[in-house]
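Have a look at the structure below before the remarks.
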Amino acid sequence: MSRLVLTVLLVALSLAAQAADPHPIVVYSKQARFEDVRDDLKIAIENRGLVIDHVSHVHRMLERTGKDIGATTKIYVDGEALLFCSATFSRKTMEADAGNIAFCPYAITVYTTVKEPDRVYVAYHRPWRPDGTPASKAALKEVEALLDGIVKEALNIK
């Protein structure tokens, strides 16, 4: 009987750990030039037949608006968010749950910090909803795999 209780407890804890992922942002990095990684990221997105709809120059916005709010700390040397969507993946996620429109467009950021100007970071937000249906969760897992594959291709990670 105690084995059964222990097994059930372990399964419940495992499922809870998966559901409450403590890392909603996935970050990779490598020593490189910002421009090289950013360009490789663009190519990896386009290699999947996707179109970058917008590039948000986050570091420039922070520098420009910092003066207006009295901020003097420079955080990034460079920092951009590349926004794009996929008709195939988006349709699947939104057919599973119309509320998944909130995940579109997808964004992958690429940045270098003042503290580590020779290290380029590439990050994305995991598309996940704790209230999602099984179909929604499965479709969003596919989007995560797409984002992760793009980043790994750009950084040449196997």
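What you see is a predicted model, and the numbers here were worked out from it, not measured in a lab. Starting from 1, each residue takes its place in the sequence as its number.
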Legend entry - Connected via hydrophobic side-chain network under 4.5 Å: L146 and L41: yes

Inset, instruction - State, with a plain yes or no, whether a side-chain heavy atom of D148 is found less than 4.5 Å away from one of Y28. - result: yes

Inset, instruction - Please indicate whether K137 has more than 12 foreign heavy atoms, meaning atoms of other residues, nucleotides or ligands, lying under 6.0 Å from its NZ. - result: yes

Inset, instruction - Determine whether V120 and I108 fall in the same hydrophobic cluster, where Ile, Leu, Val, Met, Phe, Trp and Tyr are linked whenever their side-chain heavy atoms lie under 4.5 Å apart. - result: yes

Legend entry - ILVMFWY cluster, I150 and L155 together (side-chain gap under 4.5 Å): yes

Inset, instruction - Answer whether the closest heavy-atom distance between the side chains of R129 and N100 falls below 4.5 Å. - result: yes

Inset, instruction - Would you sort out whether M94 and C104 count as a side-chain contact (heavy atoms from CB on, under 4.5 Å), showing the intermediate values? - result: CA-CA 10 Å; M94 291 173 214; C104 196; 3.6 Å; yes

Legend entry - Side chain to side chain, H23 and R126, heavy atoms closer than 4.5 Å: yes

Inset, instruction - Inspect the surroundings of CZ in R119 and state if more than 12 heavy atoms from other residues, nucleotides or ligands are less than 6.0 Å away. - result: yes

Inset, instruction - Could you check Y106 against I45 for side-chain contact (heavy atoms from CB on, under 4.5 Å), going step by step and ending with a plain yes or no? - result: CA-CA 11 Å; Y106 311 129; I45 292 167; over 6 Å; no

Inset, instruction - Compare every heavy atom of T133 with every heavy atom of A96, then report the nearest pair and how far apart it is. - result: O-OG1, 4.0 Å

Legend entry - I52 with L83, same ILVMFWY side-chain cluster at under 4.5 Å: no

Inset, instruction - Work out which heavy atom in V110 is nearest to a heavy atom in V122; give both atom names and the distance. - result: CG2-CG2, 4.1 Å

Legend entry - S90 side chain to A87 backbone, donor-acceptor under 3.5 Å: no

Legend entry - Cationic N near anionic O, under 4.0 Å, R48 to E153: yes

Legend entry - I25 reachable from Y111 in the ILVMFWY side-chain graph, under 4.5 Å edges: yes

Inset, instruction - Grab the two heavy atoms, one from V77 and one from P117, that are nearest each other, plus how far apart they are. - result: CG2-CB, 4.1 Å

Legend entry - Closest heavy-atom pair and its distance - P127, L140: O-CB, 3.4 Å

Inset, instruction - Go through the side-chain N and O atoms of Y121 and T109 and say whether any donor and acceptor fall under 3.5 Å apart. - result: no

Legend entry - Minimal non-hydrogen separation, H59 against Y76, with atom names: CB-CB, 3.8 Å

Inset, instruction - Taking only Lys NZ, Arg NE, NH1 and NH2, and the carboxylate oxygens of Asp or Glu, determine whether E144 and K141 approach each other closer than 4.0 Å. - result: yes

Legend entry - Which atom of T112 lies closest to which atom of F34, heavy atoms considered: CG2-CB, 4.0 Å

Inset, instruction - Hey, could you give me the OG/CG distance between S29 and D118, rounded to the nearest 0.5 Å? - result: 12.0 Å

Inset, instruction - Could you tell me whether the side chain of D97 and the main chain of S136 form a donor-acceptor pair under 3.5 Å? - result: no

Legend entry - Ion pair D78/R38, N-O distance below 4.0 Å: no

